[in-house]
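For clarity, every value in this text was computed on a predicted model and none was experimentally measured.
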Amino acid sequence: MGSERMEMRKRQISVQQETGSTAQAQQETGSTAQAQQETESTAQAQQETQSTTQAQQETGSRGSNACCFCWCCCCSCSCLTVRNEDEGDRSARASHDVRAEGTPSCEESPKPTLEEVGSWGQSFDKLMKSPAGRDAFRDFLRTEFSEENMLFWLACEELKKETNKSVIEEKARLIYEDYISILSPKEVSLDSRVREVINRNMLETTSHTFDDAQLQIYTLMHRDSYPRFMNSSVYKNLLRTLSEPSSES
């Protein structure tokens, strides 16, 4: 009996040891599988990171290569911005050229004769028909701070010579901005009736858009400034200068 019990005891111990070894082996196997999974997850994460980095590089490369040679009309393309700025500059230069062309400068007129200067005193019409007379009268108006009246009248005369519709529209707009608008420092004095006529005419401009206003300014200069000009030192000195050579001869 004693030997049988010991034999059974040995078998039990042997079975327990085998069971323990199997459990330990299973644990080790589980740890190995978990390590493999972690390794695979790490490798997958690295691949995803590399793919993301590569995509970012490709995107940056495409963005940096956007230029005027691209076939698409991308709003972010820098060449379109430059092109728009160039077109704006050209439009501004064109408007500036029309304004410069439409702004009357001092007329190049020959030196007037004594008879011509004397005729200016006979009528305002003769004064205004003479280039030298207009220059002298404009110099006088400048001393009275009313030169804009002559400038407006001359601009209207230039407008009447135009036949190109687009040029007429642009010059009419500039005349309005320079001499009709209440915001302009060179605004001429016009009554409300004439201003209403101008506003209607500006809907479809022609070379005669400002005829009524030009006539009103012409009348104003005739009645107000012309008499003072005839009594001014500017006119009298011009008469004296032209009279001296003839008196000496």
Which heavy-atom pair separates [X] from [Y] by the least distance, and what is that distance?
X	Y	answer
Ile217	Ser189	CD1-O, 3.5 Å
Ile175	Ala155	CD1-O, 3.8 Å
Ala136	Val234	O-CG1, 4.4 Å
Arg134	Met150	O-CE, 4.0 Å
Phe210	Ala172	CZ-O, 3.4 Å

What residues form a side-chain contact (heavy atoms from CB on, under 4.5 Å) with [X], not counting sequence neighbours?
X	value
Ser207	Ile168
Asn201	Val197, Thr209
Lys126	Ser119, Gln122, Ser123
Asp191	Arg193, Val194, Gln216

So, taking the atom named [atom1] in [X] and the one named [atom2] in [Y], what distance separates them when rounded to the nearest 0.5 Å?
X	Y	atom1	atom2	result
Phe152	Ile180	CZ	CD1	4.0 Å
Cys156	Asp211	SG	CG	7.5 Å
Ser243	Lys236	OG	NZ	13.5 Å
Asp224	Thr219	CG	OG1	12.0 Å
Asn164	Glu170	CG	CD	11.5 Å

| request: Could you name each residue pair satisfying ring pair (Phe, Tyr, Trp, His ring centres under 6.0 Å) that touches residues 111-130, not counting sequence neighbours? | output: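 As it turns out, the ring pair (Phe, Tyr, Trp, His ring centres under 6.0 Å) pairs with a partner in residues 111-130, which skip direct neighbours, are Phe124-Phe137, Phe124-Tyr218, Phe124-His222, Phe124-Tyr226.
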I'd like to check [X] versus [Y] (side-chain heavy atoms, cut-off strictly below 4.5 Å). Are they in contact?
X	Y	value
Arg240	Glu244	yes
Tyr235	Val117	yes
Leu154	Glu158	no
Pro227	Met230	no
Val188	Leu151	no
Lys111	Leu242	yes

| Main-chain N/O of Asn199 paired to Tyr176 side chain as donor or acceptor, under 3.5 Å |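 Side chain of Tyr176 to backbone of Asn199: no pair is present.
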| query | So, does Gln214 use its side chain to make a donor-acceptor pair with the main chain of Trp153 at under 3.5 Å? | reply | yes
| request: Find out if a path of hydrophobic residues (ILVMFWY) with successive side-chain heavy-atom gaps under 4.5 Å connects Leu239 to Phe140. | output: yes
Using the side-chain hydrogen bond (donor to acceptor under 3.5 Å, both in side chains) criterion, which residues pair with [X]? Sequence neighbours excluded.
X	answer
Glu187	Arg195
Ser233	none
Asp212	none

Using the salt bridge (charged side-chain N to carboxylate O under 4.0 Å, His left out) criterion, which residues pair with [X]? Sequence neighbours excluded.
X	result
Lys165	Glu169
Glu144	Arg228
Glu157	Lys160

| query | In the hydrophobic cluster built from side-chain contacts under 4.5 Å, what are the other members alongside Leu183? | reply |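 The other cluster members (ILVMFWY side chains, heavy atoms under 4.5 Å, direct or chained) are Ile182.
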| said: One thing to verify: whether Arg142 and Asp139 come together as a salt bridge, which I'm taking to mean a side-chain N less than 4.0 angstrom from a carboxylate O. | reply: yes
